[in-house]
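The model shown is predicted, which means the values in this text are computed figures rather than measured ones.
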Amino acid sequence: DGGHLLNLDIHGSDNTLTGYQKSTTGGDHTATVYLYSDDNIAWLRQQGTGDKNLYLRTDNDGNVVNSNQKGSGSHATSITLGGSYPTTLNLTQLGTTTQGYSLSQNCLTVGGCSVTVVQE
């Protein structure tokens with residue numbers, strides 16, 4: 001319980017990723033995810049005690065990224081999304097501690113993009 005570390009490289013095709021890190025006794029959560037593209041979709045949740053850090057990069061294609069960080073400890077997210085369409089990013093950070101994110105996006109619209117960020 002606690003001290004979670006994920007480093008994941010996915011190299012192409014139909015990608016779908018669901019990940020969950022939870023701690024009730026302390027310890028940080030860190031997830032580093034590289035999607036070297038194709039149809040993407042990533043759902044990543046970090047919850048409980050400890051700091052939560054998410055680093056996600058995709059060099060594009062289908063995207064749709066849902067990230068949820070909740071609980072005590074700081075929340076930090078860094079997301080880089082490639083260009084020439086899709087995106088749809090839903091980022092939620094909930095808790096009474098420090099919350100921050102950085103987003104680098106290069107969608108160029110035509111039927112793509114959409115970013116929602118909720119910090120409470």
* To do: Keeping the roles fixed (side chain from Asp61, backbone from Asp38), state whether a donor-acceptor pair exists under 3.5 Å.
  => yes
* **Distance in Å, Gln93 CD paired with Ser67 OG, rounded so as to fall on 0.5 Å steps** => 7.0 Å
* Pairs flagged by ring pair (Phe, Tyr, Trp, His ring centres under 6.0 Å) wherever residues 23-52 is involved - sequence neighbours left out -> His4-His29, His11-Tyr36
* Judged by modelled atom types alone, do Asn63 and Asn40 share a side-chain donor-acceptor pair under 3.5 Å? -> yes
* To do: List, by chain and number, the other hydrophobic cluster members for Tyr101, where Ile, Leu, Val, Met, Phe, Trp and Tyr join if side-chain heavy atoms come within less than 4.5 Å, directly or indirectly.
  => Leu6, Leu8, Ile10, Leu17, Val33, Leu35, Leu44, Leu54, Leu56, Val65, Ile79, Leu81, Leu89, Leu91, Leu103, Val115, Val117
* Asked: For the atom pair CD (Gln105) and CG (Asn60), what is the distance rounded to the nearest 0.5 Å?
  -> 9.0 Å
* Thr80 side chain to Arg57 backbone, donor-acceptor under 3.5 Å -> no
* **CD on Gln47 to OG on Ser72, rounded to 0.5 Å** => 10.5 Å
* **Side chain proximity check, Lys70 to Arg45, heavy atoms < 4.5 angstrom** => yes
* Regarding Asn90 and Asn66, is there a side-chain donor-to-acceptor distance under 3.5 Å anywhere? -> yes
* **Atom pair CD1/OG1 of Ile41 and Thr16 - distance to nearest 0.5 Å** => 5.0 Å
* **Sidechain-backbone polar pair: Asp39 side chain, Asp14 backbone, donor-acceptor under 3.5 Å** => no
* **Spacing of Asn15 atom CG and Ser37 atom OG [to the nearest 0.5 Å]** => 7.0 Å
* Residues forming a side-chain contact (heavy atoms from CB on, under 4.5 Å) with Ser74, sequence neighbours excluded -> Asp51, Thr98
* Asked: What distance separates Thr77 OG1 from Lys52 NZ, expressed to the nearest 0.5 Å?
  -> 11.0 Å
* Is there a donor-acceptor pair under 3.5 Å between the side chain of His75 and the backbone N or O of Leu94? -> yes
